[in-house]
Protein chains: 2
Amino acid sequence: MSRSNPRVLSTLERAGGFASAQEVYKLMQREGEKIGLTTVYRSLQSLVDDKIVDLLRREDGEAIYRLCGEKHHHHLVCKSCGDTVEIEGGAIEKWAKSMADEHGFRDVGHTAEIFGICSKC
Amino acid sequence: MSRSNPRVLSTLERAGGFASAQEVYKLMQREGEKIGLTTVYRSLQSLVDDKIVDLLRREDGEAIYRLCGEKHHHHLVCKSCGDTVEIEGGAIEKWAKSMADEHGFRDVGHTAEIFGICSKC
DNA sequence: TTTGAAAATGATAATCATTTTCATTTGTGA
DNA sequence: TCACAAATGAAAATGATTATCATTTTCAAA
């Protein structure tokens, strides 16, 4: 049982509260932090165990970690240039909740992404 | 552009309409079918492109393929047993459209999944 | 029937995230 | 200082997925 390295959590916060293990690792390297990839993985895993961060999945299956306290939001992503806009999802929250209730699901979370071509492309 | 090998689809059906690429491959091997892993992946991918099967993710990130109807819909997935309910997403369609308009995006698509614990678990 | 281009196939190698191993370092209490 | 447990991280292992590329199959036209 390992405890989380505090610098990992702090980096995840600085990353906007939303990143993969590889991204956290690269970010720490770029900032001159001395840390091993193994420790980044272990720390993130233990943060998930402690319910301090959520574990989600990118479309390609890569694990992404999100601070639980972060305000929940969604993304509007350009398929061409990758530009991303954070958007509100009030309608989604209500939809997810009502669907879950209707089918007797509990402890529900959700993912929702919109992708298209932005005005610049 | 490759078309799907029909034996792959038939195997996925026989598997209960729900399996990973590796599982489909092993199942076909066990049944004496001569097919390569590459072809299994390609066939499943093209079935996804043709919207004949849905691509979801196990907790560990492994891709799982699931037969679905043609009508656009979303999923309510149990994190514990994998049980899946297909649900309507009228609210999502409107939300995605209005968000895209607001930010000048065109050719938009979207993904939305709800996950939780079902009443049986 | 023969031919040839395009599509499909599959063995193999490459990729890439993640996990495991294990030797070393660090922290801590006696 | 000593001993020992916990933490660390480099390197290897793992496992799914994708890329390569030579070979085979399909099929329509000659």
Side-chain angles (χ1 to χ4, degrees), chain A residues 1-12 15-67 77 79 82 111 113, chain B residues 1-12 15-67 77 79 82 111 113:
Chain A
M1 181 79 50
S2 61
R3 212 151 22 323
S4 163
N5 182 314
R7 291 177 295 152
V8 169
L9 178 54
S10 133
T11 303
L12 183 58
F18 197 84
S20 73
Q22 300 283 344
E23 287 164 356
V24 168
Y25 175 65
K26 283 186 200 121
L27 189 54
M28 293 180 80
Q29 295 242 300
R30 237 177 278 133
E31 292 176 349
E33 299 253 24
K34 265 201 307 227
I35 196 166
L37 181 57
T38 313
T39 301
V40 172
Y41 270 103
R42 265 193 298 241
S43 293
L44 288 171
Q45 187 53 59
S46 107
L47 288 169
V48 169
D49 292 344
D50 296 345
K51 305 212 193 304
I52 294 167
V53 312
D54 279 334
L55 172 55
L56 303 176
R57 294 275 165 191
R58 288 236 171 84
E59 208 154 325
D60 67 352
E62 186 178 2
I64 47 180
Y65 301 86
R66 182 181 68 191
L67 278 172
V77 185
K79 284 189 284 194
T111 62
E113 304 266 325
Chain B
M1 178 82 50
S2 62
R3 205 132 60 296
S4 162
N5 182 314
R7 293 178 293 153
V8 169
L9 177 55
S10 134
T11 303
L12 182 60
F18 198 85
S20 71
Q22 301 283 343
E23 286 164 357
V24 168
Y25 175 65
K26 283 186 200 122
L27 190 54
M28 294 182 79
Q29 295 243 300
R30 237 178 280 131
E31 292 174 349
E33 299 253 26
K34 267 203 305 229
I35 196 166
L37 181 57
T38 312
T39 301
V40 172
Y41 271 104
R42 265 194 297 241
S43 293
L44 288 171
Q45 187 53 61
S46 106
L47 287 169
V48 169
D49 291 345
D50 296 345
K51 307 214 194 303
I52 294 167
V53 312
D54 278 335
L55 171 56
L56 303 175
R57 295 275 164 189
R58 291 237 169 82
E59 288 255 346
D60 67 354
E62 186 178 2
I64 48 181
Y65 301 85
R66 185 174 190 285
L67 279 172
V77 185
K79 283 190 285 194
T111 64
E113 304 267 325

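A, B, ... follow the sequence lines: proteins, then strands. Residue 1 opens every chain.
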Which heavy atom of [X] sits nearest a heavy atom of [Y], and at what distance?
X      : Y      : answer
A19(A) : L12(A) : N-CD1, 3.8 Å
Q29(A) : I35(A) : NE2-O, 4.2 Å
A21(A) : Y41(A) : CB-CE2, 3.5 Å
V40(A) : M28(A) : CG2-SD, 4.3 Å
R57(A) : E59(B) : NH2-O, 2.8 Å
R58(B) : S20(B) : NH1-CB, 4.1 Å

| Checking all strands, does D60(B) fall into the base, sugar-phosphate, or nothing category for heavy-atom contacts under 4.0 angstrom? |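 No contact at all - D60(B) keeps every heavy atom at 4.0 Å or more from the nucleic acid.
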| query | What is the bend of the helix from dT1(C)-dA30(D) to dA30(C)-dT1(D) when you compare the axis at one end with the axis at the other, using five pairs each and rounding to 10°? | reply |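 One end axis against the other gives 0°.
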For [X] and [N], give me the distance from atom [atom1] to atom [atom2], rounded to whole Å.
X      : N       : atom1 : atom2 : value
L44(B) : dT18(D) : CG    : P     : 11 Å
R42(A) : dC22(C) : CZ    : C1'   : 11 Å
Q45(A) : dT20(C) : CD    : C1'   : 14 Å
L37(A) : dT21(C) : CG    : P     : 17 Å
E59(A) : dT18(D) : CD    : P     : 12 Å
R58(B) : dA16(D) : CZ    : C1'   : 12 Å
R57(A) : dT17(D) : CZ    : C1'   : 14 Å

| Residue-level proximity of residues 22-35 of chain A to DNA chain D when a heavy atom falls under 4.0 Å |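 Hits under 4.0 Å, by residue number: K34(A), I35(A).
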| request: Kindly point out which of dT8(D), dT20(D), dT20(C) is positioned nearest to the side chain of T38(A)? | output: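 Per side-chain heavy atoms of T38(A), the pick is dT20(C).
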| query | Between dT9(C), dA10(D), dT17(D), which one does the side chain of E62(B) approach most closely? | reply | dT17(D)
Between [X] and [N], is there a side-chain N or O to OP1/OP2 distance below 4.0 Å?
X      : N       : result
N5(A)  : dT8(D)  : yes
Y41(A) : dT19(C) : no
R3(A)  : dA6(D)  : no
T39(B) : dG10(C) : yes

| query | Step by step, would you call L67(A) with L47(A) a side chain to side chain contact (heavy atoms under 4.5 Å, CB included)? | reply | CA-CA 9 Å; L67(A) 278 172; L47(A) 288 169; over 6 Å; no
| request: Without swapping roles, check the side chain of S43(A) against the backbone of N5(A) for a donor-acceptor pair under 3.5 Å. | output: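 Looks like yes, one N/O pair under 3.5 Å.
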| task | Determine, step by step, whether L44(B) and L55(B) satisfy the side chain to side chain contact (heavy atoms under 4.5 Å, CB included) criterion, reporting the C-alpha distance in whole Å, the side-chain angles of both residues, the deciding distance to 0.1 Å, and the verdict. | result | CA-CA 9 Å; L44(B) 288 171; L55(B) 171 56; over 6 Å; no
